[in-house]
Peer 1: 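Here you go, one structure.
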Amino acid sequence: MPGHVRLVSLGSVSVGYVKISVLSGGVGGARFLRGLRHHLREARPDGVGGTTAEITAVVNTGDDMWLSSLRVAPDLDSIMYTLAGANDEVRGWGRVGETERVSAELTAYGVGWPWFTLGDLDLGTHIARSHFLRSGLTLTEATARITARWDLGVTLLPMTDDEVETQVITDEGSMHFQEWWTRHRAALPARRFVQQNVTTANPAPGVLDAIGGADIIVIAPSNPVVSIGTIVGIPGIRAALVEASAPIVGVSPIIKGAVVRGMADACLTAIGVATSAEAVALHYGSRSAGGLLDAWLVDETDADSVAALEPAGIAALAVPLWMRDVESSARLAADTLRAADPLWAAEGV
Ligand code: GDP
Ligand code: CA
């Protein structure tokens, strides 16, 4: 276990170089990452105590698809736009100041999905990504080229360079996750989720190093089934997490028995997990029992589950989990790092 880092509320800065790796889906992960970056910039600007932090996000690509000949990567783009400050805060997704003229033309030609509108600015990203992929770059390389345009302060790594797409099995047949999510608003009961090609997929370059070389690993408040579940479904990633020397802290995407944004409850129901912070923690499992978590953050309103999770080997902490703005997200990030601190201490670091 690397011994050069101690994170004591990050107010008392020690000398070191902190590597924080975050497993992330789209919107929930993006908000968390923005808060984490803000917290680290505020708490320890470069040079203070000689400490700098490196944040790497390992991002779900199971929602990606080819649409109108373009490769669309919703979770990578949600994070990129949010960290770039180019996201639409009011709508909650996509680019700010967006227009939809190109999509209207495509619909008139009968191209694409009429219920899945891609904004004009957003299409620029997809065209650039598709250009890089068709030029022979991997998704990791294409993502590096695309994100280089912005000052993100976070390295985005797709979970895999292979095309692993989540299909939803319903009574009306199987469909791409985006069709189920956006067209059917997750209202069509999902029987199963199938990650196509997952068994032959490889973690993208850098992903296993980001996990094995991290000082702290965070499981963002992202969809446990189709964001985090897909990432850990890539062969090798779960094992790397179980064996990682860094503490793993998860943040619940569920508050008081409900999802905060989106429809993740429909996904949990499909895999037989209750929509509660406690049930999701038990679903991830304690690392001491071969699972993913050392610690788990629940909302203050779910404080009851703290005692319930202890016997399962998960150190839970009840703190405000609503990421209303950058400041509240940064406080949550600080609490997440604080939760990791006793785990280091427990190991005698
Ligand atoms: P998606 O890929 O865009 O669906 O986004 P993610 O998978 O990253 O995250 C979706 C999850 O984020 C949902 O289950 C929400 O409940 C959760 N979420 C969204 N906003 C918040 C928030 O403010 N606090 C917490 N704790 N969870 C949130
Ligand atoms: Ca997603």
Side-chain angles (χ1 to χ4, degrees), residues 22-36 57-65 72-83 87-89 91-94 116 154 156 158-159 164-166 168 176-182 185-186 193 195 218-232 249-271 273-277 279-281 283-284 296-302 305 316-333 335-336 339:
V22 181
L23 306 193
S24 176
V27 171
R31 285 179 171 250
F32 181 83
L33 285 161
R34 183 173 57 176
L36 178 63
V58 175
V59 182
N60 170 48
T61 57
D63 306 355
D64 295 11
M65 71 215 145
V72 180
D75 290 1
L76 282 166
D77 291 346
S78 290
I79 297 173
M80 180 171 77
Y81 297 152
T82 302
L83 292 175
N87 60 313
D88 188 329
E89 284 287 327
R91 196 170 49 163
W93 54 274
F116 197 80
V154 175
L156 305 193
M159 63 183 190
V164 173
E165 295 185 6
T166 301
V168 187
H176 191 284
F177 173 73
Q178 290 296 351
E179 182 170 0
W180 180 72
W181 189 255
T182 308
R185 310 289 307 153
F193 295 92
Q195 273 79 25
V218 180
I219 298 181
S222 288
N223 189 313
V225 184
V226 295
S227 293
I228 304 301
T230 307
I231 297 173
V232 302
V249 184
V251 181
S252 175
I254 307 298
I255 298 178
K256 233 182 166 183
V259 289
V260 182
R261 296 179 177 86
M263 305 160 284
D265 45 340
C267 303
L268 287 166
T269 303
I271 65 161
V273 174
T275 301
S276 77
V280 173
H283 168 65
Y284 285 153
W296 183 240
L297 267 56
V298 300
D299 189 67
E300 290 171 319
T301 56
D302 289 317
S305 56
L317 188 70
V319 297
L321 284 200
W322 273 90
M323 299 183 286
R324 293 175 208 281
D325 47 28
V326 177
E327 286 70 29
S328 51
S329 309
R331 280 195 293 278
L332 174 57
D335 286 332
T336 306

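We count ligands from 1, going down the list as the structure has it; atoms in each ligand are counted the same way. From a predicted model like this one, the values you see are computed outputs, not experimental measurements.
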Peer 1: Who pairs with Asp335 by side chain to side chain contact (heavy atoms under 4.5 Å, CB included), at least two apart in sequence or on another chain?
Peer 2: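 Side chain to side chain contact (heavy atoms under 4.5 Å, CB included) list for Asp335, sorted by chain: Leu297, Val319, Pro320, Arg338.
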
Peer 1: What I'd like to find out is whether the side chain of Met323 reaches to under 4.5 Å of the side chain of Leu332, using heavy atoms alone.
Peer 2: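 Answer yes - side chains close enough.
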
Peer 1: Could you point out which residue of Ile231, Val58, Val59, Thr61 forms a side-chain contact (heavy atoms from CB on, under 4.5 Å) with Pro158?
Peer 2: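 Of all the options given, the one that passes is Thr61.
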
Peer 1: Let me check something: any side-chain donor-acceptor pairs from residues 219-226 under 3.5 Å, sequence neighbours excluded? List them with distances.
Peer 2:
{"residue": "Ser222", "atom": "OG", "partner": "Gly25", "partner atom": "N", "Å": "2.9"}
{"residue": "Ser222", "atom": "OG", "partner": "Gly29", "partner atom": "N", "Å": "3.4"}
{"residue": "Asn223", "atom": "OD1", "partner": "Val225", "partner atom": "N", "Å": "2.9"}
{"residue": "Asn223", "atom": "OD1", "partner": "Val226", "partner atom": "N", "Å": "3.1"}

Peer 1: Measure the shortest side-chain to side-chain distance between Trp322 and Ser328 over non-hydrogen atoms and say whether it is less than 4.5 angstrom.
Peer 2: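 Side-chain contact under 4.5 Å: no.
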
Peer 1: Polar pairs, ligand 1 vs protein, N/O only, below 3.5 Å.
Peer 2:
{"residue": "ligand 1", "atom": "2 (O)", "partner": "Gly26", "partner atom": "N", "Å": "2.8"}
{"residue": "ligand 1", "atom": "2 (O)", "partner": "Asp75", "partner atom": "OD1", "Å": "3.1"}
{"residue": "ligand 1", "atom": "2 (O)", "partner": "Asp75", "partner atom": "OD2", "Å": "3.4"}
{"residue": "ligand 1", "atom": "3 (O)", "partner": "Val27", "partner atom": "N", "Å": "2.8"}
{"residue": "ligand 1", "atom": "5 (O)", "partner": "Gly26", "partner atom": "N", "Å": "3.2"}
{"residue": "ligand 1", "atom": "5 (O)", "partner": "Val27", "partner atom": "N", "Å": "2.9"}
{"residue": "ligand 1", "atom": "7 (O)", "partner": "Asn223", "partner atom": "N", "Å": "2.8"}
{"residue": "ligand 1", "atom": "7 (O)", "partner": "Ser227", "partner atom": "OG", "Å": "2.7"}
{"residue": "ligand 1", "atom": "8 (O)", "partner": "Gly26", "partner atom": "N", "Å": "2.9"}
{"residue": "ligand 1", "atom": "8 (O)", "partner": "Gly28", "partner atom": "N", "Å": "3.2"}
{"residue": "ligand 1", "atom": "8 (O)", "partner": "Gly29", "partner atom": "N", "Å": "3.0"}
{"residue": "ligand 1", "atom": "8 (O)", "partner": "Ser222", "partner atom": "OG", "Å": "2.7"}
{"residue": "ligand 1", "atom": "9 (O)", "partner": "Gly28", "partner atom": "N", "Å": "3.3"}
{"residue": "ligand 1", "atom": "12 (O)", "partner": "Pro221", "partner atom": "O", "Å": "2.9"}
{"residue": "ligand 1", "atom": "16 (O)", "partner": "Pro253", "partner atom": "O", "Å": "2.7"}
{"residue": "ligand 1", "atom": "16 (O)", "partner": "Val260", "partner atom": "N", "Å": "2.9"}
{"residue": "ligand 1", "atom": "20 (N)", "partner": "Arg261", "partner atom": "NH1", "Å": "2.5"}
{"residue": "ligand 1", "atom": "23 (O)", "partner": "Arg261", "partner atom": "NH1", "Å": "2.9"}
{"residue": "ligand 1", "atom": "23 (O)", "partner": "Met323", "partner atom": "N", "Å": "2.8"}
{"residue": "ligand 1", "atom": "24 (N)", "partner": "Leu321", "partner atom": "O", "Å": "2.7"}
{"residue": "ligand 1", "atom": "26 (N)", "partner": "Ser252", "partner atom": "O", "Å": "2.9"}
{"residue": "ligand 1", "atom": "26 (N)", "partner": "Leu321", "partner atom": "O", "Å": "3.2"}

Peer 1: side-chain hydrogen bond (donor to acceptor under 3.5 Å, both in side chains) for Ser78 and Asp75? Distances and angles first, verdict last.
Peer 2: CA-CA 5 Å; Ser78 290; Asp75 290 1; 5.1 Å; no

Peer 1: Would you say the side chain of Leu36 lies within less than 4.5 Å of the side chain of Arg34, judging by non-hydrogen atoms?
Peer 2: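 Of all side-chain heavy-atom pairs linking Leu36 with Arg34, none is under 4.5 Å.
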
Peer 1: What protein N/O/S atoms lie closer than 3.0 Å to the Ca ion (ligand 2)?
Peer 2: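 Hits for the Ca ion (ligand 2) below 3.0 Å: Asp63 OD2, Asp75 OD1, Asp75 OD2.
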
Peer 1: Would you indicate whether the side-chain heavy atoms of Pro74 and Asp64 approach each other to under 4.5 Å?
Peer 2: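 Asp64 reaches Pro74 side chain to side chain.
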
Peer 1: I'd like to check Phe32 versus Pro253 (side-chain heavy atoms, cut-off strictly below 4.5 Å). Are they in contact?
Peer 2: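 Counting from C-beta outward, Phe32 and Pro253 never come under 4.5 Å.
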
